Amino acid sequence: MRSLWAIGLALLAGSAQATLTDVTLDNGMRVIVKEDHRAPVMVSQVWYRAGSMDEFNGTTGAAHVLEHMMFKGTKDVPPGEFSKRIAAAGGRENAFTSRDHTAYFQQMQKDRLELAMQLEADRMANLVISDALFAKEIQVVMEERRLRTDDQAQSVVYERLMAAAYQAHPYRRPIIGWMDDLQNMTAQDARDWYARWYAPNNATLVVAGDVKADAVIALARRYFGALPARPLPARKPQAEPAQVGQKRIVVKAPAQLPYLLMAWHAPSLKDWEQDTKPYALQILAGVLSGNDSARLQKSLVKTQQIAVNASAGYDAVARGPALFMIDATLAPGKSVAALEKAIRRELQRIQHDGISESELARVKAQVIAADVYQRDSLFYQAMQLGEYVTAGLPPEALARRVEKLRAVTAQEVQAAAQQWLQDDRLSVAELDPQALKPQPRRAVPGVRHAN
Amino acid sequence: MPIKTFFFALFLGLPLSAQAALVIQHWQTPQGARVLFVESHELPMLDISVDFPAGSARDPAGKAGLAQLTHGMLDQGAGGLSDTAIAHRLADVGAVLAGNFDRDRASATLRTLTSAAERTAALDVLARVLQQPDFPQAVIKREQQRLIAAIREAEADPGTVADKAFYRALYGTHPYAHDESGDPAAIGRLTRGDLQAFYRTHYSAPNAVISLMGDITRAEAGAIAERLAGGLSGAAPVPALPKPALAAASDTRIAHPSTQSHVRVGAVGMARNDPDFFPLFVGNYVLGGGGFDSRLMREVRDKRGYAYSAYSYFMPMREAGPFQLGLQTKLEQTDDALKVARETVRQFIADGPSEAELTQAKSNLTGGFPLRIDSNRKILDYLAVIGFYQLPLDYLDTWVDRVNAVDVAAVKQAFARRIDPDQLVTVVVGRAGGAR
């Protein structure tokens, strides 16, 4: 007997055509369909609830390496063929790995969904990881690490700050993995990862676009429904112990301008109906840097001119805990200490005096408008659904997000700033720029290369 | 799983063309601004782009950075509103004012809800920013410092250093040679008078292209366009840019404290209205534009693991923009990777694509065409390009047919005309020595 349950969720008023179907197949795979008939296209995404937070020391980066290996062939589809077939059908495809998940997507004309599903289902169960292809691909991943992290001073600051802010929780490890772990990774490590996490009962299919939910579910049952569920390893919470005092690190890297990154431990959204603090923290980030003259920009960049850029950020949707972050790039001729002091003064103003009703209304107006604007992107709509579901939140939490944010009061924002932006929860990283030591460039006009 | 039969069935049954006709309305305002409009009522929002030939190629001699600074100053005080008042008025109605800036174009884009109060407030700010920038002296000084700081900061990024050196090596004395952001010393010397003069001559109605996409009627679009163009100066269209000369082979090596070398190889490529546009565009898919489907990715990444990204592209501009091939690789294998990349180009130019490769390229491009126009944002971007570069209004309607019309011979001939593998410009940032 197949158990099949579906909920249709009418989303916000005004989007009558955008309905959501949420189904779980017999083997535990979840299927979410969002119909959107504006253009004759669709996006299909398969989300695995396995990201860098599920890794072990010594094999950090395994989730991301496996993502690369997923394009390297199965029993029936030779290496490179996956991309080739999607491309031949006019598709665009790629994948991404985060701390919480690994996801694979195809964007195509609406009637080519079956191809995407058939190939995804195949590599969910039948991946072949050869030693030879692994040996090449791990070199590619190391180049990716050099490109995105090692040669980007601010990325190094972020990576090292994470490792300092978290001592026990696996969010301390970089998604791409430490270089030494990549250098010592084996094809067997990738195979182990695949065997551990790539099962239908650890996956969610999200399809958005000009499709019919019934037809999508029928296809999903045909291709993914045939794959057996497998027992998944127990996941330990690995909760971060309470911080017992401020942490500070200095990062030396080739750069021109000092940069400051501050992170406070903060709650993520768990009980979406009862929690109020994550919504208040989201509004707080908007008050601090939601527009070109929000508090941080106005005070630090425009008035005091102590920073050339400043911003605040907070992401409530995560499997693990959250951080509330502020970063700023120092203006030439100013001191990092003075910059940090100026940032703290802005936070104290909110903690002591609160925020104005007009600031609150401004952030809410942006939230409401952004909710309309995001409907212009199918990909983003599917992406948000995947993130919520993978983080353990129902699609309803996403549908009612605007309503929850609109309910936040100025007092709640002030209280959130008081409760969470405390020194004992704070980690600070400062980029100490190292000289680039430029050498005169050597131009050799007319040189022929004998290739 | 019976994969083979499945694929067979899939490809036989499908019509290739799923494009719904996109109706572009086009007219001129009484002030001489050109307008492109697509009406769409599915989402209660409006996107506008106003484009001017005011990119960095228009920087006067000795004032590299003037175009960028002028563009950046537009919304930092206008029509009596301070920078803060502008930012707050926009945010209060959830509107997003942004802009694009490159060597050819400077543009302001607005995204707003179409409910009356929101739309009215947002359009009021856009009109002020375009028509009455105040260029406050104190704000100019601040933005000069920020622009210079951004340029300095980018000096640490090997990819940015490589791109700047590549344009310099490729374009010599042509206005495309210098960086879009300009030169710190020149920026420091710019005056308020410089900004005002540049603004008056470039941000005029006859220079403007206004693109609108979204939930308004033709009559409303007409009124908005006329209002936006109404307060602009009547300065005559800017003169044509000089034609770039073909670059001779050169090899520039710049030492950098990075773990990777950033490699750029290329030549002067094609202009936006080039008759070879489609053969070069489709052919480049096979060489380095098609991601995992391309030869460069296969040779550099898949076969050898040399780089995360290896690509080539033509950047069509008002005058001939660059053809560029790029990759990043750890310092010690710089020369090996460069050699593979150059050989891949040389062989492609000598032999052209195979029939199978070209068929694959065309199926991807034509089959993927609906993805190019599946959102208001993407359609707006096309309107701005069609308007600014004066492409035919049926550009999108004929796009699939023109891709399909490309054959192997056309690709081969077009590449042979443009790219001489013995005259490539090479830039390597990272490892300074060791040229073979």
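Just so you know, these numbers come straight off a predicted model, no measurement behind them. Lettering follows sequence order; numbering is per chain, from 1.
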**Study point:** Under-4.0 Å salt bridge between A/E137 and B/R301
**Key:** yes
**Study point:** Check ion pair B/D302-A/K72 (N to O, under 4.0 angstrom)
**Key:** yes
Quick check: do [X] and [Y] have side-chain heavy atoms less than 4.5 Å from each other?
{"X": "A/R38", "Y": "B/N376", "result": "yes"}
{"X": "B/Q328", "Y": "A/D151", "result": "no"}
{"X": "A/E143", "Y": "B/K330", "result": "yes"}

Check your understanding: Can a donor-acceptor pair be found between the side chains of A/R145 and B/Y308 at a distance below 3.5 Å?
Key -> no
Check your understanding: At what distance, to the nearest 0.5 angstrom, does CZ of A/R375 lie from OG of B/S375?
Key ->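 One gets 14.0 Å once the value is rounded to the nearest 0.5 Å.
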Check your understanding: B/K378 and A/D376: salt bridge (Lys or Arg N to Asp or Glu O under 4.0 Å), yes or no, with the steps?
Key -> CA-CA 10 Å; B/K378 291 180 190 174; A/D376 195 35; over 6 Å; no
Review point. Quick one: of A/Q434, A/Q139, A/Q366, who has the most non-hydrogen atom pairs under 4.5 Å with chain B?
Key: A/Q366
Check your understanding: Which of these passes side chain to side chain contact (heavy atoms under 4.5 Å, CB included) with A/Y373: B/L43, B/D47, B/L113?
Key -> B/L113
Against chain A, label [X] side chain, backbone, both or neither, depending on which of its atoms sit under 4.5 Å from a heavy atom there.
{"X": "B/D293", "value": "side chain"}
{"X": "B/R298", "value": "neither"}
{"X": "B/Q76", "value": "side chain"}

Exercise for review: Over 60° means perpendicular and under 30° means parallel, so classify the ring planes of A/F71 and B/F292, tilted if in between.
Suggested key: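 Answer is parallel, since the angle falls under 30°.
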Review point. CD of A/Q374: more than 12 outside heavy atoms within 6.0 angstrom?
Key: yes
Review point. Which heavy atom of A/A88 sits nearest a heavy atom of B/Q360, and at what distance?
Key: CB-OE1, 3.3 Å
Study note, to complete from the structure: Closest non-hydrogen atoms of B/T259 and A/D150, given as atom of the first, atom of the second and distance, are OG1-CB, 4.2 Å
